[in-house]
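Written out below as structure tokens is the structure these notes cover.
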4 protein chains.
Amino acid sequence: MPSGRKRSESSRQAILEATRSLLLEVGYERLTIDQIAARAGVGKQTIYRWWASKGEVVADAALDDGVTPHPVALPDTGAIRADLQTWLRQWVTDITTPEGTGLILALTAAGSDNKTLADRLYTQFSAPHEDRIRDRLRRAQSEGQLRADADLESIASTLVGALLYRVLGRNRPPTTQDADHLVELVLRGAEA
Amino acid sequence: MPSGRKRSESSRQAILEATRSLLLEVGYERLTIDQIAARAGVGKQTIYRWWASKGEVVADAALDDGVTPHPVALPDTGAIRADLQTWLRQWVTDITTPEGTGLILALTAAGSDNKTLADRLYTQFSAPHEDRIRDRLRRAQSEGQLRADADLESIASTLVGALLYRVLGRNRPPTTQDADHLVELVLRGAEA
Amino acid sequence: MPSGRKRSESSRQAILEATRSLLLEVGYERLTIDQIAARAGVGKQTIYRWWASKGEVVADAALDDGVTPHPVALPDTGAIRADLQTWLRQWVTDITTPEGTGLILALTAAGSDNKTLADRLYTQFSAPHEDRIRDRLRRAQSEGQLRADADLESIASTLVGALLYRVLGRNRPPTTQDADHLVELVLRGAEA
Amino acid sequence: MPSGRKRSESSRQAILEATRSLLLEVGYERLTIDQIAARAGVGKQTIYRWWASKGEVVADAALDDGVTPHPVALPDTGAIRADLQTWLRQWVTDITTPEGTGLILALTAAGSDNKTLADRLYTQFSAPHEDRIRDRLRRAQSEGQLRADADLESIASTLVGALLYRVLGRNRPPTTQDADHLVELVLRGAEA
DNA sequence: CTATAAACGAGACGGTACGTCACGTCTTGGG
DNA sequence: CCCAAGACGTGACGTACCGTCTCGTTTATAG
């Protein structure tokens with residue numbers, strides 16, 4: 001029977017919020033646990049008690065934030081190309097804001113350092129996007145809009161990867177127009 | 001007129017070599033200047049004298065390494081799809097070795113932290129690849145293998161981005177087959 | 001009229017016993033409340049509820065232990081020198097055991113830090129010894145064995161102090177023979 | 001051939017001076033390495049590089065201070081009792097100042113915790129006093145002022161121990177008069 | 001026979017200090 | 001002027017304890 005004081009939800013929130021704000025101010029590499037604790041008004045041990053590393057805190061901070069995993073399902077108006085464009089345009093807008101780009105850079109750095117964390121970040125951040133796209137593609141395929149032999153996994157992965165690559169490159173962040181072109185490029189050959 | 005002792009080439013080499021080996025052993029984040037100096041048998045000052053930051057050393061270490069920027073030009077047998085596949089298959093093989101993946105992860109982490117460095121890395125590492133692909137595509141276009149309105153920049157960027165995305169994701173590193181499929185996917189709609 | 005649960009005697013005992021054993025294992029400085037609580041199987045609050053500081057717990061642990069304040073009265077065979085020697089020999093034996101020395105070192109450290117505690121320790125630990133010696137000396141004086149102008153306080157304090165000094169010094173712990181010599185030294189000039 | 005930067009004498013001095021002042025302000029137990037470093041304007045590592053523990057720093061701080069080991073030799077006017085009294089009176093005055101008492105309490109606490117340190121403190125602090133006293137006693141003995149069988153070691157140790165005991169007890173710090181009485185007490189039986 | 005109130009074991013909390021590591025700079029002595 | 005060595009002030013690391021504060025749970029008295 002577990003006794004003892006319960007985990008403080010307010011501390012948990014304060015830590016994640018402090019992490020998010022510091023991430024935008026100083027970036028992942030210069031982010032320190034000391035800073036997070038100080039800004040959150042929390043003892044360092046309270047962070048170490050519940051998270052194994054800076055990367056874990058950052059991951060939770062990003063994923064806890066409603067914005068990032070962007071749970072919006074793809075629209076289904078019947079026109080696959082338009083629906084994909086609508087959705088990707090919105091996603092590009094989100095990830096090219098300072099907040100969005102900052103979180104992506106932070107999560108990438110975090111994942112670079114830690115395979116376990118990289119897996120978790122892929123599963124919770126990238127995979128849901130790919131899944132949503134693939135599901136919508138599958139519907140289109142069953143409706144005969146896409147060829148039966150189109151590699152839907154590959155299309156979804158390429159769409160997400162190509163845009164993230166431009167965000168990570170930093171000098172040519174993707175635009176909504178880029179999103180449109182990209183959809184055209186990869187769909188052209190897949191359409192029936 | 002410069003007097004005094006000349007810069008030691010052997011120290012420079014030792015530093016870059018030590019950096020490369022440590023990068024594979026401990027990764028970018030846990031790499032330290034102290035370690036590099038110790039392994040290279042070099043004073044720390046000698047590192048700080050010639051490089052501004054850990055990221056710069058890592059960038060030089062990676063780019064100095066013949067393997068990574070992979071200076072091989074694309075073949076030109078006349079068949080654009082086959083040539084692209086040949087080249088990309090080789091590149092995928094290179095970047096999915098432990099050394100290749102390690103360096104890419106390190107460079108990504110380094111670039112996440114530093115916009116200036118990110119630009120340099122893009123210019124010296126990614127851009128040459130995109131350029132080579134785009135040049136070959138252009139030739140194919142002028143030969144009438146590709147449609148006149150195909151967005152060659154976009155194709156090149158997508159090919160590179162989609163594969164790097166899979167390397168960074170770590171759980172599904174790209175295979176030579178993936179490279180083939182990817183070329184098919186993006187070329188299908190661009191071919192005349 | 002107080003209601004509610006009574007103080008747990010078993011917890012009190014467990015705390016003092018845990019304190020004694022830990023004191024011998026790690027010494028006063030490395031002794032922690034957390035350790036005591038863990039070994040005693042007790043919540044930390046139960047310690048803080050009843051004791052104000054580590055020093056207080058240690059003092060109670062030492063004084064609760066029958067051994068230390070050694071309540072044995074001095075014998076009175078009529079021969080002051082022999083009686084003193086008998087008693088001091090026993091005391092030296094007690095305080096040079098590992099347990100005895102450990103407690104004295106702990107109490108000394110505790111008293112060094114805290115004037116209030118130092119007073120209490122003196123009153124409950126040293127003073128009773130001096131008092132017993134002085135009372136026996138007084139009897140001897142009234143019997144004419146000691147000169148009327150002998151400074152009995154001073155003699156008692158010197159006997160106790162000289163032996164404790166050797167215990168604290170650690171490299172030359174006093175022997176029963178030392179006790180004999182000491183009695184001879186200070187009594188020789190005081191005897192009638 | 002040892003190269004590299006030399007140890008900073010100014011840092012060493014600043015550390016010992018900071019330690020002395022903090023010792024008087026907060027006492028041994030509440031003294032922290034962080035505090036010492038901050039007040040001395042020094043990095044913590046500079047302390048840990050040269051001293052193994054808080055106790056070592058305190059010992060050096062005390063012994064480096066000219067006051068404490070009080071290198072004054074005993075006078076030799078020919079009258080052993082008067083010479084001893086003169087010297088002990090001065091010593092009592094020194095060790096009953098706030099500074100003197102503070103250092104003694106600190107050194108006692110330090111020695112309680114660490115046998116090695118206790119030995120060093122005895123050797124460098126107490127032993128020199130006992131030695132000086134014993135040497136003077138020996139001279140007196142050879143001049144026939146003291147009995148040939150007087151235990152000079154024991155006398156010296158008793159004088160030092162009895163006075164330090166009163167300092168440690170805190171409630172009855174020794175006076176110059178106490179010093180006089182003590183000399184009388186232990187010499188009376190030893191004089192020829 | 002219940003309330004209710006205090007003490008209990010447990011353990012999370014905001015903090016302070018620990019001793020270590022790495023930073024980037026400075027000093028030393030030697031090419 | 002460069003170099004290897006290495007001490008320096010700074011600051012973050014992750015851990016250990018501090019003394020306080022909830023949490024149920026247990027044990028006594030009071031109604």
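Every chain is numbered from 1, with letters handed out A, B, ... down the list of sequences.
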Check: When you check the gap from the basic side-chain N to the acidic O, do R20(D) and E99(D) get nearer than 4.0 Å?
Finding: no

Next item on the list: May I ask you to verify if any side-chain N or O of W50(D) is less than 4.0 angstrom from the OP1 or OP2 atom of dG6(F)?
Entry: no

Item checked: Protein-nucleotide distance (E29(C), atom CD; dC18(E), atom C1'), rounded to Å -> 13 Å

Next item on the list: Spell out yes or no: do the side chain of K44(D) and the base of dG19(E) have one donor N/O and one acceptor N/O closer than 3.5 Å?
Entry: yes

Checklist line | Spacing of Y48(A) atom OH relative to dA16(F) atom C1', expressed in whole Å | finding: 14 Å

Next item on the list: Could you check V42(B) against K54(A) and say which one's nearest nucleotide on DNA chain F is further toward the 5' end?
Entry: V42(B)

Checklist line | Listed nucleotide nearest any side-chain atom of D34(C), set dC2(F), dC13(F), dC18(F) | finding: dC18(F)

Margin query: Could you tell me how far apart I33(A) (CD1) and dG15(E) (P) are, to the nearest whole angstrom?
Written below: 17 Å

Check: 5'-most contact on DNA chain E: G43(A) or A52(B), nearest heavy atom basis?
Finding: G43(A)

Notebook entry, point to check: Would you call D64(D) and R12(D) a salt bridge, taking side-chain N to carboxylate O under 4.0 Å as the test?
Noted result: yes

Next item on the list: Measure from CZ on R30(A) to P on dA22(E) and round the result to the nearest Å.
Entry: 19 Å

Margin query: So, taking the atom named CG in L23(B) and the one named CG in L16(B), what distance separates them when rounded to the nearest 0.5 Å?
Written below: 11.5 Å

Check: Quick one: is K6(D) getting a side-chain N or O under 4.0 Å of the dG6(F) phosphate, OP1 or OP2?
Finding: no

Check: Taking atom P of dG14(E) as reference, at what distance in whole Å does atom CZ of R39(A) sit?
Finding: 17 Å

Notebook entry, point to check: Of Q45(C) and S53(A), whose closest DNA chain F nucleotide lies nearer the 5' terminus?
Noted result: S53(A)

Note to self: Whether S11(D) contacts dG9(F) is assessed here as follows: a side-chain N or O lying under 4.0 Å from the phosphate OP1 or OP2. Is that the case?
What the structure shows: yes

Checklist line | Validation row: Y28(B), K54(B) side chains within 4.5 angstrom (heavy atoms) | finding: yes

Notebook entry, point to check: Hey, is the side chain of R5(D) pairing donor to acceptor with the base of dT28(E) inside 3.5 Å?
Noted result: no

Notebook entry, point to check: Does the dG9(E) base have a donor-acceptor partner in the side chain of S3(A) within less than 3.5 Å?
Noted result: yes

Checklist line | Residues D119(D), R170(C): salt bridge by 4.0 Å N-O rule | finding: no

Check: If you look at every strand shown and take non-hydrogen atoms under 4.0 Å, does R7(B) touch a base, only sugar-phosphate, or nothing?
Finding: sugar-phosphate

Next item on the list: Please report, rounded to the nearest Å, how far the C1' atom of dA7(F) is from the CD atom of E9(D).
Entry: 14 Å

Checklist line | Interatomic distance, R12(A) CZ vs dG14(E) P [rounded to whole Å] | finding: 14 Å

Next item on the list: Walk me through it: do R39(C) and E17(C) pass the test side-chain contact (heavy atoms from CB on, under 4.5 Å)?
Entry: CA-CA 9 Å; R39(C) 178 164 301 189; E17(C) 182 51 37; over 6 Å; no

Next item on the list: Could you say whether S8(C) or T46(A) is positioned toward the 5' end of DNA chain E, judged by the nucleotide with the nearest heavy atom to each?
Entry: S8(C)

Margin query: I need the CD1-P distance between I47(B) and dT25(E), as an integer number of Å.
Written below: 13 Å

Notebook entry, point to check: Across the strands shown, which category fits W51(A) at heavy-atom distances under 4.0 angstrom: base, sugar-phosphate, nothing?
Noted result: nothing

